[in-house]
Amino acid sequence: MSCFSSLCALRRQLKTSNPIKIITLLQPWTSMEDFKQIHAHFLRSNRIMDSFIAAKMLEFCAVSAQNIDYALRMFNNTDQRDAYLWTAMIRGFVKVRMPEKAIEFYCLMRSEGVQPNKFTFLFALKAYSSIYNYQEGMVLHGKLLKNGLHFDEFLRNALIHMYSKCRDIMAARRLFYEIPTDNAVNWNTIICACFVCGDIESAQKLFDEMPNKNVESWNAVISGYSKCGLVDVARSLFDIMPEKDLVSWSVMISSYVRSRRAAEALNVFKDMQLSGIQPDSVTMASVLSACAQVGALDMGRWIHAYVSKNKLRHDVFLGTSLVDMYAKCGCIDTALQVFNSMPKRNVSSWNALLCGLAMHGQGDEALVLFKQMESFGVVPNDVTFVAVLSACSHIGSVDEGWKQFDRMDKEFSIIPKIEHYGCMVDILGRAGLIDEAKNLIKSMPMEPNVIVWGALLTACKIHGDTDVGEDVVRGLEKMVPADGWCYVLLSNIYAARNQWGSVEKMRKTMRNIGIKEKVPGCSSVEVDGVVHELFVNDKSHPDWRDIYEVTNRINNHLEVEGYVSNPSWVLYNIDE
DNA sequence: ATAGGGTTAG
C-alpha cells in the first residue's frame, strides 16, 4: 500500500520537486512501494545518481525499511563506496540481526582501504558485542584509544556494553568510573551489567545513587530483578515507578511468564489494556506464552486476531508463540497452519510444534516432522531432543529412543542433560526394562533428580514392581530438604511397603520445615476469557460443590468408557 | 547514533 493517497500523487510530486526535497520524502514510515517509485524516478531522470542521494536511498533501505537484500543490490551497483555507504550497510546488518555479515562488511571495507568513521566503529562494536567476540572487541577498543575516540559518549557506552556482554564486568566498571557522567545511558548499561553478573547489591546501589533516572532505568532494574528470579521485588518496583511505558508493561508480563505465573501475567496484561498503552508484538509473544501455560484458547485466539487486525510485526518470536499456544491448547491443525504460514522459522519454531505433537500423543507425527526438519537443514538443539525423546516414549520405541539419544553427541555435539536422561529412563521403564533404566541412572554423569526417580517409580508402578530398591529410596532421601516432590514420592513408597511409621515420620519432617502436606497440584480453566486457577482439594471457589460434582461425573463417564486414569501422560509429570 | 522488553525445553 502506498502511503500517498495514490501513486499518481506521488508521481506528480516527484516530477515537480528537486532531488533534495524528494529525499525528505524518505521517512521511517515510508512504504517500500513508495520507495521503489522514488528509486525508479532517480534511475530514470539522473543518469548518474548523486552520491549523497544514493547514500540516503541505501540508508533508507538498509536501516529504515530493513530490506537488506534490496540495499545489498543497490550497494553492488555502486562504484563509489565511501565510509557513509559502507556504514549504512554495516548498520543495516546489525539491525536485522546479521552481525556476522556486518563484521564481514567491516573487514571488507578495511581491506579496500576505506577509513572508518566513528559511526562505523560504533556499529562494528555492536556487531562484535552481539556475538560475544571479546578478542575483536578489545582490538577495536585499542583502535579507539589510538584515535582518541574513546572519549565519545556513544562509543564509550558501546564499549561498556561490549565488556558487559563479554562478561568482563571489571573492564566495564573501569570505563564507567573513569569519567564521571550524568549520562543516563551509561548508568543504565552498567546497572544491567551488574544484574547479568548476579551482583544485585551493586545494581541496586547504583540505581539509588543515579542522578537522572528515566523510564529505561526503572525498566532495567525491574527486568534485572526478574532475571535473578526475584519477580515479587520486580513487581513492587513496577507498582511504584513514576510512569510506565510499553517496555515496562512487557517486562512485567514476561517476568511472570518466565516464572510460570501465567495467571498473574494475564492480569498485568489486562491492567495494561486499561492503562491505554498499546501492546506490540513483543508484548504479545509473552502474552501468548501465558495463554499456552494455562490453556487459555479463547484468549489466545483473540490475541491472534488482534495481531492480524492491528498488523503487529509478524516475526519468528510471535509466530513461534502462536504455534506453541495452539499446540498446547490441543489445536494441532491450527498450530500447523500457523507454522506453515510463517515467513521465517528458526529451531524454536520447530521445537514448539514438535513438543505439541509429542505432548498430545502424536509421537509418529513428531518423528516424521523431525525428519522433515533435518531435511530442511535446521540444526536441532537440546530442546528438540527433549521433544523427540518424549515422542519415542509415547510410541514406546526403545530402539528409536536409543538411536536418537546416541545421535545427540555424535552428530550434533549436544551433551545430554538430565532432562534427556529422564526421557530415556521413562522410555526404558515403560518398556519394562527396569534394570536397564536403573543402570542408566547409575551411569549418568550427574546426580539424578526427582524427575528421573519419578520416571523410574512410574515404571515400577506400571509393571507391578513394588520393590523399587533401596538405592532409589536412599537417592530420594538424600534430596529431601531440597525438593518438595520427594516427600510425595517417598511417602507413597513407604505407604506401598506398609511402612506407616516412616510415612508418619515424613509428615512430621514436612511439618517441621514448614511444607504444607504437599505442593498442591494446580490446573486452570478459562471461562468467558477469565482464567480460574483450581488447586487440589481447593474449596475457595464459591461454587466448589458444583465444580466437583461435574468433574466427578466426567471421571465416572470416562471410566465407564474404559479410560484408566493415568496422570503420567504429561511430559515428566510425576505419577502421584 | 548509544541504554530497558520477546519464542520452544526444564
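Each chain gets a letter, A, B and so on, in the order the sequences are listed, and its residues count up from 1.
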Let me check something: any side-chain donor-acceptor pairs from residues 188-201 of chain A under 3.5 Å, sequence neighbours excluded? List them with distances.
from: A:Asn188; atom 1: OD1; to: A:Ser217; atom 2: OG; distance (Å): 2.9
from: A:Asn188; atom 1: ND2; to: A:Ala184; atom 2: O; distance (Å): 3.4
from: A:Asn188; atom 1: ND2; to: A:Asn214; atom 2: OD1; distance (Å): 3.3
from: A:Thr189; atom 1: OG1; to: A:Asn157; atom 2: ND2; distance (Å): 2.8
from: A:Thr189; atom 1: OG1; to: A:Val185; atom 2: O; distance (Å): 2.7
from: A:Asp199; atom 1: OD1; to: A:Ser202; atom 2: N; distance (Å): 3.2
from: A:Asp199; atom 1: OD1; to: A:Ser202; atom 2: OG; distance (Å): 2.9
from: A:Asp199; atom 1: OD2; to: A:Ser202; atom 2: OG; distance (Å): 2.5

Checklist entry - Got a sec, which residues hit side-chain contact (heavy atoms from CB on, under 4.5 Å) with A:Ser64, two or more places apart in sequence or on another chain? => result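 Expected list: A:Phe60.
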
Checklist entry - Mind checking what makes side-chain contact (heavy atoms from CB on, under 4.5 Å) contact with A:Pro211, not counting sequence neighbours? => result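 Once residues adjacent in sequence are excluded, the partners of A:Pro211 under the side-chain contact (heavy atoms from CB on, under 4.5 Å) criterion are A:Asp182, A:Trp187.
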
I'd like a table of donor-acceptor pairs (distance under 3.5 Å, sequence neighbours excluded) in which one partner is a side-chain atom from residues 86-93 of chain A, with atom names and distances.
from: A:Thr87; atom 1: OG1; to: A:Ala83; atom 2: O; distance (Å): 2.6
from: A:Thr87; atom 1: OG1; to: A:Thr120; atom 2: OG1; distance (Å): 2.8
from: A:Arg91; atom 1: NH1; to: A:Glu59; atom 2: OE2; distance (Å): 3.0

Item to check | base_contact_polar (B:dT7 base, A:Ser321 side chain, donor-acceptor, <3.5 Å) | outcome: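 Under the 3.5 Å cut-off, the side chain and the base do not form any donor-acceptor pair.
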
Return all side-chain donor-acceptor pairs below 3.5 angstrom for residues 161-168 of chain A, not counting sequence neighbours, or 'none' if the list is empty.
from: A:Tyr163; atom 1: OH; to: A:His141; atom 2: ND1; distance (Å): 2.7
from: A:Asp168; atom 1: OD1; to: A:Ala171; atom 2: N; distance (Å): 3.1
from: A:Asp168; atom 1: OD2; to: A:Tyr134; atom 2: OH; distance (Å): 2.4

Item to check | Partners passing salt bridge (Lys or Arg N to Asp or Glu O under 4.0 Å) against A:Asp232 (at least two apart in sequence or in another chain) | outcome: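 Only A:Arg261 meet the salt bridge (Lys or Arg N to Asp or Glu O under 4.0 Å) criterion with A:Asp232.
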
Checklist entry - A:Lys126: what forms a salt bridge (Lys or Arg N to Asp or Glu O under 4.0 Å) with it, not counting sequence neighbours? => result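 A:Lys126 satisfies salt bridge (Lys or Arg N to Asp or Glu O under 4.0 Å) with no residue once adjacent residues are dropped.
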
Checklist entry - For A:Asn133, what residues pass the side-chain hydrogen bond (donor to acceptor under 3.5 Å, both in side chains) criterion, not counting sequence neighbours? => result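 With neighbours one apart ignored, the set is empty.
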
Next on the checklist: Which residues pass the side-chain hydrogen bond (donor to acceptor under 3.5 Å, both in side chains) test with A:Gln362, not counting sequence neighbours?
Outcome noted: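 Partners of A:Gln362 by the side-chain hydrogen bond (donor to acceptor under 3.5 Å, both in side chains) criterion come out as none, since no residue qualifies.
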
Item to check | Salt bridge present between A:Arg235 and A:Glu264 (N-O < 4.0 angstrom) | outcome: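 Here A:Arg235 does not pair with A:Glu264 in a salt bridge, since their nearest N and O are not under 4.0 Å apart.
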
Which ones in [range] lie close to DNA chain B, meaning a heavy atom under 4.0 Å from one of its atoms?
range: residues 207-216 of chain A; answer: A:Asn214, A:Val215, A:Glu216
range: residues 239-255 of chain A; answer: A:Asp245, A:Leu246, A:Val247, A:Ser250, A:Val251, A:Ser254
range: residues 169-185 of chain A; answer: A:Val185

Checklist entry - What integer distance in Å separates A:Met359:CE from B:dG10:C1'? => result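 Those two atoms, CE and C1', are 11 Å apart.
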
Item to check | Interatomic distance where CZ belongs to A:Arg91 and C1' belongs to B:dT2 [whole Å] | outcome: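 My rounded result for the distance is 11 Å.
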
Checklist entry - What nucleic acid atoms does A:Ser217 come within less than 4.0 Å of, heavy atoms only: base, sugar-phosphate, or nothing? => result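 Touches nothing.
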
